[in-house]
Number of protein chains: 2
Amino acid sequence: MTARTSTDSARDIPEATVARLPVYLRALVGLAEAGTATCSSEELAAAAGVNSAKLRKDLSHLGSYGTRGVGYDVEYLRYQIAREIGVTQDWPVVIVGIGNLGHALANYSGFRSRGFRVVALLDADPERHDELVAGIDVRPFDDLESIVADQGVAIGVIATPAVAAQAVADRMVAAGITSILNFAPTVLAVPEGVDVRKVDLSIELQILAYHVQRKAGTTLADDIDRLDGQLDDEEVTA
Amino acid sequence: MTARTSTDSARDIPEATVARLPVYLRALVGLAEAGTATCSSEELAAAAGVNSAKLRKDLSHLGSYGTRGVGYDVEYLRYQIAREIGVTQDWPVVIVGIGNLGHALANYSGFRSRGFRVVALLDADPERHDELVAGIDVRPFDDLESIVADQGVAIGVIATPAVAAQAVADRMVAAGITSILNFAPTVLAVPEGVDVRKVDLSIELQILAYHVQRKAGTTLADDIDRLDGQLDDEEVTA
DNA sequence: CCGAGTTTGTTCTCCCGTTCACAAACTCCT
DNA sequence: AGGAGTTTGTGAACGGGAGAACAAACTCGG
């Protein structure tokens with residue numbers, strides 16, 4: 001085992017690996033609940049839906065937590081990954097925009113069980129204030145700064161309509177939030193050092209649609225579209 | 001301009017490009033609504049939040065739709081991208097699992113305006129049947145096969161709890177659905193040729209948490225965790 | 001018509017991530 | 001103790017995508 005100082009734990013883990021660590025963590029929790037004490041890279045990889053070589057290389061970035069000829073101790077590895085991600089204790093999170101999606105997010109039990117605690121629900125609309133959602137009452141958006149400061153919030157979730165998203169992000173950043181999960185269908189501009197992850201439902205569907213179209217081959221509708229396209233083309237370039 | 005036959009339009013567009021086309025499409029819609037008739041790759045790239053060289057390379061995979069020295073015609077390019085993705089006409093979509101998230105998805109207006117039409121909401125729980133959500137009544141999950149067959153549905157959305165997701169996916173595939181958008185926190189096993197895209201809220205937050213932890217540097221809590229880790233380590237490997 | 005300015009499409013190079021393949025290290029059985 | 005069987009961790013080859021840089025192609029003013 002390599003001794004780890006407080007500095008070398010900060011060495012760079014590839015972004016692609018970081019994105020998969022939560023998947024491994026969830027697979028390990030599943031194995032632990034099923035009563036499995038030990039697992040091979042092959043088993044864990046199958047549970048996580050990835051290649052076993054990739055899994056081993058990913059884990060090797062964290063350290064040498066397996067035993068050759070044996071495999072990985074499920075509980076031990078689970079803890080090490082949780083520690084590396086930083087979800088051994090809960091992160092406070094604020095959700096802004098309590099529409100349909102905001103409701104769903106507030107009620108999502110997976111947050112609490114996976115390292116996050118929703119400390120506040122905010123909405124600009126006074127109609128929604130003091131409404132109780134998932135046991136938390138909705139407060140004015142203007143309370144953002146005080147909540148962030150009091151609770152040490154670093155992560156914010158934007159579930160507002162697209163037009164409001166940039167303004168919300170600006171206020172979040174000014175209040176001290178450094179990481180944003182954005183559900184609004186907009187590209188957010190944020191200063192250097194602020195992380196934004198975007199979840200866009202329509203885009204996911206559109207990517208699927210492209211592949212459906214590809215798999216289906218050329219359909220009649222496509223042919224008509226293509227003809228239209230060529231006509232347009234001529235009009236424009238002629 | 002290269003002439004396009006019906007076969008060469010099926011040539012391979014890199015996956016990374018496919019994932020960005022919907023972003024460009026949305027940016028173009030925004031520009032069109034703002035009354036812009038023409039835009040340069042630099043302007044469009046800024047609106048989409050990407051590098052202009054990357055944008056030009058992406059668009060070059062579709063064909064030569066710009067004019068050197070001028071830029072791109074907004075409406076024309078918008079149509080070409082929509083056609084390439086396949087969202088010039090609406091795709092029928094079924095949503096399974098009408099809990100909090102299912103409600104939010106059913107009510108999401110962005111689907112309709114971006115090439116998708118929710119044709120059915122399904123839930124296994126009889127308590128929910130005939131409830132009206134977003135103007136569509138919730139039907140039994142067992143109606144899946146007939147709906148898929150009647151409406152020619154190729155895309156399914158899974159918004160059920162994790163335990164039900166695999167069974168739902170299996171039924172979807174058997175019914176003829178070839179593309180699945182999965183919101184349940186599970187790895188789905190599907191046959192070759194079926195596309196699955198996964199949206200996992202906890203995982204997105206955990207990725208953010210990792211970066212917050214990195215940015216914050218080593219905290220006291222981390223040190224305690226690390227000590228714990230080393231103790232565990234000794235226990236296990238001793 | 002011609003030259004200066006602008007913008008696209010493409011080539012080239014570099015880097016990150018994936019996968020293969022194997023040595024190192026461990027267990028178990030004889 | 002020793003050899004056969006397993007499984008991890010990693011070096012090396014490979015493929016794809018990102019970005020820089022430039023030639024080709026267009027506009028516009030004189």
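Here is how names work: the chains are called A, B, and so on, in the same order as the sequence lines, proteins then strands, and each is numbered from 1. These numbers come from a predicted model, not from an experiment.
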remark   = Of B/Gly69 and A/Ala16, the one whose closest nucleotide on DNA chain C sits nearer the 5' end is B/Gly69
message = Is it the case that the side chains of B/Arg214 and B/Tyr210 hold a donor-acceptor pair, with the cut-off being a distance below 3.5 Å and no angle test?
response = yes
ask   = Counting only side-chain N and O atoms of A/Ser41, is one of them less than 4.0 Å from OP1 or OP2 of D/dT7?
value = no
key: Side chain A/Gln206, main chain B/Arg114, donor-acceptor under 3.5 Å   = yes
Separation of C/dT8 C1' from B/Leu55 CG (nearest whole Å) = 11 Å
request  = Kindly say whether A/Ala189 contributes a backbone atom to a donor-acceptor pair with the side chain of A/Gln166 at under 3.5 angstrom?
outcome  = yes
query = How long is the span from the OH atom in A/Tyr108 to the CG atom in B/Leu101, to the nearest 0.5 Å?
reply = 9.0 Å
ask   = To the nearest angstrom, how far is B/Leu59 atom CG from C/dG9 atom C1'?
value = 10 Å
Residue B/Lys54, side-chain atoms from C-beta onward, closest of C/dA25, D/dG19, C/dT10 = D/dG19
A/Tyr72 side chain near D/dG9 phosphate (N/O to OP1/OP2, under 4.0 Å) = yes
remark   = Per atom distances to the B/Asn51 side chain, the nearest of D/dG19, C/dC20, C/dT27 is D/dG19
ask   = Would one find a side-chain N or O of B/Arg20 under 4.0 angstrom from OP1 or OP2 of D/dA18?
value = yes
inquiry  = Measure CZ/A/Arg68 against C1'/C/dA23 and give the value in whole Å, please.
reply    = 8 Å
remark   = Side-chain contact check for B/Arg56: nearest option of D/dG19, C/dT7, C/dT10 is C/dT10
Length of the line joining A/Tyr24:OH and D/dT8:P, which is rounded to integer Å = 13 Å
remark   = note: B/Leu44, atom CG; C/dG9, atom P; distance rounded to Å ~ 12 Å
request  = Without swapping roles, check the side chain of A/Glu43 against the backbone of A/Ser40 for a donor-acceptor pair under 3.5 Å.
outcome  = yes
task = To the nearest Å, give me how far apart OH (B/Tyr65) and P (D/dC26) are.
result = 17 Å
message = Could you tell me how far apart A/Ile13 (CD1) and C/dG17 (P) are, to the nearest whole angstrom?
response = 12 Å
message = Counting the atoms with a prime plus P, OP1 and OP2 as sugar-phosphate, which does A/Glu15 contact under 4.0 Å by heavy atoms, base, sugar-phosphate, or nothing?
response = sugar-phosphate
ask   = Where the side chain of A/Ser64 is defined as all heavy atoms beyond and including C-beta, which of D/dT8, D/dG19, D/dG9 is the nearest nucleotide?
value = D/dG9
remark   = Rounded to whole Å, the NZ-P distance (B/Lys57 to D/dA20) equals 11 Å
inquiry  = With a cut-off of less than 4.0 Å, is there a side-chain N or O of A/Thr67 near OP1 or OP2 of C/dC26?
reply    = no
